[in-house]
Asker: 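The structure under discussion is supplied below as structure tokens; questions concerning it will follow.
Numbering of ligands and ligand atoms starts at 1, following listing order. No hydrogens, no waters, no symmetry mates; every other heavy atom, side chains included, goes into these values.
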Amino acid sequence: MKALILVDLQNDFCQGGALEVKEGNMVIPIANQLMEQFDLVVATQDWHPANHGSFAANLMWSKPGQIVELDGLQQMLWPIHCVQDSFGALFVKDLNTEKITKVFPKGTDPKIDSYSGFFDNGHRKSTGLSEYLKDKGVKEVYVLGLATDYCVKFTTLDAITEGFKTYLVEDACRGVNIQEDDSKNAIKAMEEAGASIIHSSDILTAV
Ligand code: VGL
Ligand code: ZN
């Protein structure tokens with residue numbers, strides 16, 4: 001059984017969003033097309049309370065891009081984004097959400113961030129995604145979404161360590177690229193960890 005994991009296809013990561021990822025919207029039509037090839041589609045949703053510790057605005061004298069310590073972990077500070085129930089946290093309007101069987105919110109604890117859809121950044125708590133997929137008999141997962149160098153990367157790495165055969169659909173991802181090569185390096189790290197890097201056409205033409 002194969003599952004498609006849609007990572008953070010939310011307004012704040014797309015055009016005009018608070019944490020806009022360049023060309024983020026371009027992955028939406030690919031996601032819509034790919035969904036048709038899967039029996040199981042799940043989505044992660046960055047879902048922060050307004051007082052989240054990753055927001056620079058919640059910390060005096062700080063700016064997005066700075067690194068601070070949050071509950072014992074290194075934390076990159078971000079602009080306010082994906083606040084629970086806000087427009088920015090909603091899935092992009094053009095995304096076909098009909099095939100999504102379950103949404104996994106993450107980043108809900110103000111004291112810890114969660115880039116991965118499986119665990120928080122300290123691997124302290126599970127979101128339930130791994131258990132859900134295993135319960136459904138999933139052995140292979142295909143990952144796509146935003147952003148390549150953060151949530152896609154850590155979701156993919158956790159999928160591998162959770163024992164799933166893991167595919168990264170490279171053309172259906174875009175990155176933040178605070179440093180120019182961040183996405184490129186993230187893809188390399190995922191590949192080295194055991195992910196198969198594929199193109200959406202590999203899935204679409206195989207059927
Ligand atoms: C993300 C930074 C902060 C992501 C989420 O979805 O990649 N990046 N929160
Ligand atoms: Zn976030």
Side-chain angles (χ1 to χ4, degrees), residues 4-28 30-31 42-59 62-71 73-92 95 100 103-125 127 129 143-159 168-170 172-179 181-187 189-190 195:
L4 181 65
I5 305 177
L6 310 173
V7 178
D8 297 4
L9 298 178
Q10 296 165 260
N11 288 320
D12 268 343
F13 300 119
C14 287
Q15 201 173 16
L19 185 31
E20 181 174 345
V21 174
K22 201 169 158 234
E23 298 183 348
N25 297 71
M26 289 177 71
V27 311
I28 307 296
I30 309 175
V42 296
T44 68
Q45 190 171 30
D46 214 34
W47 195 247
H48 300 305
N51 65 343
H52 199 265
S54 74
F55 297 165
N58 289 334
L59 216 98
S62 58
K63 285 200 169 64
Q66 288 178 349
I67 294 169
V68 297
E69 197 183 298
L70 182 61
D71 210 26
L73 294 176
Q74 296 265 90
Q75 174 67 50
M76 168 79 85
L77 293 178
W78 300 104
I80 296 170
H81 66 278
C82 298
V83 173
Q84 295 172 4
D85 298 309
S86 69
F87 173 77
L90 299 180
F91 290 126
V92 177
L95 181 71
I100 301 173
V103 175
F104 292 85
K106 61 186 181 61
T108 56
D109 180 344
K111 302 285 284 178
I112 193 161
D113 211 353
S114 188
Y115 295 147
S116 163
F118 289 93
F119 297 96
D120 60 59
N121 290 359
H123 269 239
R124 293 172 190 164
K125 276 202 192 114
T127 60
L129 174 56
V143 182
L144 66 78
L146 307 170
T148 315
D149 36 1
Y150 290 93
C151 293
V152 169
K153 175 183 172 187
F154 290 99
T155 299
T156 300
L157 295 178
D158 278 344
L168 188 273
V169 190
E170 184 175 5
C173 299
R174 289 294 186 281
V176 182
N177 293 320
I178 293 174
Q179 305 290 330
D181 287 340
D182 283 353
S183 289
K184 207 176 97 190
N185 291 334
I187 287 171
M190 292 184 262

Asker: Are any non-hydrogen side-chain atoms of N177 and K22 less than 4.5 angstrom apart?
Answerer: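 They are not in side-chain contact.
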Asker: With a cut-off of 2.8 Å, does any N, O or S atom of D46 fall short of it relative to the Zn ion (ligand 2)?
Answerer: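 Of the N, O and S atoms in D46, at least one lies under 2.8 Å from the Zn ion (ligand 2), which means yes.
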Asker: Side chain, backbone, both or neither: which part of H81 comes within less than 4.0 Å of ligand 1 when only heavy atoms are counted?
Answerer: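 Within the 4.0 Å criterion, H81 contacts ligand 1 through side-chain atoms alone.
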Asker: With a heavy-atom distance limit of 4.0 Å, tell me whether L146 approaches ligand 1 through its side chain, its backbone, both, or neither.
Answerer: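 Answer for L146: backbone.
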Asker: Would you say D46 has any N or O atom under 3.5 Å from an N or O of ligand 1, going by distance alone?
Answerer: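 Such a contact does occur with ligand 1.
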Asker: Counting backbone and side-chain atoms alike, does H81 have an N/O/S atom under 2.8 Å from the Zn ion (ligand 2)?
Answerer: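 It does; at least one qualifying atom falls short of 2.8 Å.
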Asker: Between H48 and the Zn ion (ligand 2), is there a contact where an N/O/S atom of the residue lies under 2.8 Å from the metal?
Answerer: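 For H48, the answer is yes, given that an N, O or S atom comes within less than 2.8 Å of the Zn ion (ligand 2).
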Asker: Any heavy-atom pair between the side chains of F118 and T155 that's under 4.5 Å?
Answerer: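 Yes. Closest side-chain heavy atoms under 4.5 Å.
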Asker: Under the ring pair (Phe, Tyr, Trp, His ring centres under 6.0 Å) criterion, do F55 and H81 qualify, and how do the steps go?
Answerer: CA-CA 8 Å; F55 297 165; H81 66 278; 5.3 Å; yes
Asker: Among L73, D71, N121, D120, whose side-chain contact (heavy atoms from CB on, under 4.5 Å) with D113 holds?
Answerer: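 Option passing the side-chain contact (heavy atoms from CB on, under 4.5 Å) with D113: N121.
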Asker: Give yes if a backbone or side-chain nitrogen or oxygen of C151 is under 3.5 Å from a nitrogen or oxygen of ligand 1, and no if not.
Answerer: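 The answer is yes, given that C151 and ligand 1 share an N or O pair closer than 3.5 Å.
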Asker: Starting from atom 8 (N) of ligand 1, which protein heavy atom do you reach first, and at what distance in Å?
Answerer: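 Heavy-atom neighbour on the protein nearest atom 8 (N) of ligand 1: Y150 CB, 3.8 Å.
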Asker: For T108 and W47, work out which heavy atoms get closest and say how close.
Answerer: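 Looks like CG2-O, 3.3 Å.
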Asker: Only one of T148, L144, L168, I5 forms a side-chain contact (heavy atoms from CB on, under 4.5 Å) with T156, so which one is it?
Answerer: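 The side-chain contact (heavy atoms from CB on, under 4.5 Å) with T156 is passed solely by L168 among T148, L144, L168, I5.
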Asker: Does Q15, at its CD atom, have more than 12 non-hydrogen atoms belonging to other residues, nucleotides or ligands within less than 6.0 Å?
Answerer: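 No.
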Asker: I want to know if ligand 1 touches W78 in the polar sense, i.e. an N/O pair below 3.5 angstrom.
Answerer: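 In this structure, W78 places no N or O atom under 3.5 Å from an N or O of ligand 1.
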Asker: Between A147 and ligand 1, is there a nitrogen or oxygen pair with a distance under 3.5 Å?
Answerer: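 Yes; at least one N/O pair falls below 3.5 Å.
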